[in-house]
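Report on the following structure.
Naming convention: chains lettered A, B, ... in sequence-line order (proteins, then strands); numbering from 1 in each chain. Only this structure's heavy atoms are used, side chains among them; waters, hydrogens and symmetry mates stay out.
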Amino acid sequence: MRDAVELEWAGIPTACVVHTELIGSARAIARISGHETYEFLDVGYPHIPTAIWSPDEIQLIADTLTPQIRELLLKQLPPPE
Amino acid sequence: MTLAAEPHTYADYDELLEDYYERGWTDGLPVVPPTAEKVQRFLTLAGLEPDEILGSVPTRAVVVTAEHAAINAVMAGCRPEYFPAVVAAVRAHLDEMGNCHSTTGTLSGAVQTVIINGPVRNEWGVASGQGCLGPGFRPNATIGRALRLVIRNVCRAIPGFLDRASFSSPMRYSFCFAENEEASDWVPLHVQRGFAAEQSTVTVASFMNFVPATDMTSRTCVDIANSIVKTMRSKGIGGDKWLGQDHNVVAIVGKEHHRYFIEEGWSKADLQHYLWERIHEPTSGPDDRFCNIGYPEGILVVAAGGAGMAETWLLMPHLAHAITRVIEPAQL
């Protein structure tokens, strides 16, 4: 999350994708970084390690997230709160 | 000496304890009230000003000062003379390559261990023998706990907040022990890492899990070392570009294994080289994995523990280097 915020500060549009179980800490880091409402994406199911995702699961995640990532990349980072 | 912390006043100890717990300032166990007098005494003894910066966690906008460390060392139950060890442990953990953010926030629940070397072991009675990794020894219990309280109360690694561990670990209450330097002529860990024998040090290592290499039947160094290799390779250690070659694994060699190395004249370096050459052999299957440690001294061999069980404990690394820092002598 902090990497995403710092890339945004450098003027590089960024989309941060987060494991469901790390959403709490991602929100906390966004708040600590001064961007409490910074939007990011939840990778959702499956919650298993990436190394064992099946090709079908990877395709499903890609199909689900790609339009959301595109949408996020086109948004401007709001000024720090 | 002026402290920055906001003072709080309580009618009695019970009220303090309840308030500290409600505010999330404890690990769940009772704490020693960090009165201004005690905090100032710790700082004076360590020769530190309250605003001395010990380190930071940039991703969390956290800066850890000597006052922060002193407050948590008092709370943990440290004696004043232990405080320089807490300072050294905090500095080690907050070294960039100690990787506080990852090792205290990870789903895996990585644990920080504090290994003490040098003269303070005997001056303070830091346990290195029978039962040394468990409860019952004040310096072991409180120095390790002080580091964990700093990680919680200052570095914000609180379960449900920035600590996302699925299970976490009881070893996160405290994990501190000393090397048994007197057990043999093995070169102590801190001397291997470039410090003088008469210096006292802490080495802080963050590890993912501990794996006992229990071998009750082997009676030669080669057979024992092969058991350690087999156990290490059952887990494997992956490579990481950021960590580079300076990745570490800790091997706590128990007394019943150590005595064979003494009898056959294996030095610590002999064991490190033997292990290192074999953990790099190509994998032969899913239960036999390559271990990415850059050089033999990256295997931190430490003698500790008591008689009985013939075992060596392996602390398999998380995403950090083990960092060693000097314990600056107290200003007694």
Side-chain angles (χ1 to χ4, degrees), chain A residues 1-55 57-58 60-61 64-65 68-69 72-73 77-81, chain B residues 23-24 55-64 68 94 96 98-110 151-169 172 206 208-209 235-243 283 285-287 289-290 292 316 318-319:
Chain A
M1 170 55 72
R2 181 68 182 203
D3 290 343
V5 170
E6 293 197 9
L7 284 166
E8 297 274 13
W9 286 345
I12 301 169
T14 304
C16 181
V17 182
V18 174
H19 188 293
T20 303
E21 287 305 315
L22 292 173
I23 285 176
S25 56
R27 285 211 177 96
I29 293 294
R31 177 161 59 81
I32 289 165
S33 304
H35 298 279
E36 187 162 4
T37 58
Y38 185 64
E39 291 183 51
F40 55 91
L41 302 176
D42 175 2
V43 71
Y45 175 84
H47 301 157
I48 54 179
T50 54
I52 57 171
W53 286 357
S54 70
E57 288 166 339
I58 294 170
L60 176 65
I61 290 167
T64 306
L65 290 180
Q68 299 175 57
I69 290 171
L72 268 190
L73 288 173
L77 177 71
E81 293 132 21
Chain B
R23 290 173 186 269
S56 64
V57 191
T59 48
R60 301 178 184 179
V62 163
V63 174
V64 181
H68 293 144
L94 296 182
E96 182 185 6
N99 199 7
C100 173
H101 180 70
S102 173
T103 61
T104 65
T106 172
L107 299 167
S108 70
I151 288 169
R152 177 192 174 88
N153 292 337
V154 192
C155 302
R156 309 182 185 199
I158 297 166
F161 186 53
L162 292 180
D163 171 4
R164 310 304 300 184
S166 300
F167 271 118
S168 197
S169 169
R172 279 183 160 185
S206 289
M208 186 102 149
N209 46 36
K235 290 290 182 186
I237 299 171
D240 183 276
K241 188 175 180 183
W242 180 72
L243 289 169
T283 181
D287 295 324
R289 302 179 178 91
F290 180 86
N292 190 53
M316 305 301 283
H318 194 255
L319 298 172

Rounded to the nearest 0.5 angstrom, the CZ-OG distance for B/Arg156 and A/Ser25 is 13.0 Å
Under 6.0 Å from the CE atom of B/Met316, do we count more than 12 heavy atoms belonging to anything else shown?
yes
For B/Glu96, the salt bridge (charged side-chain N to carboxylate O under 4.0 Å, His left out) test, sequence neighbours excluded, returns none
Within residues 157-165 of chain B, which residues come under 4.5 Å of chain A, heavy atom to heavy atom?
B/Phe161, B/Leu162, B/Arg164
On a heavy-atom basis, which atom in B/Arg60 and which in A/Ile32 lie closest, and how many Å separate them?
O-CG2, 3.2 Å
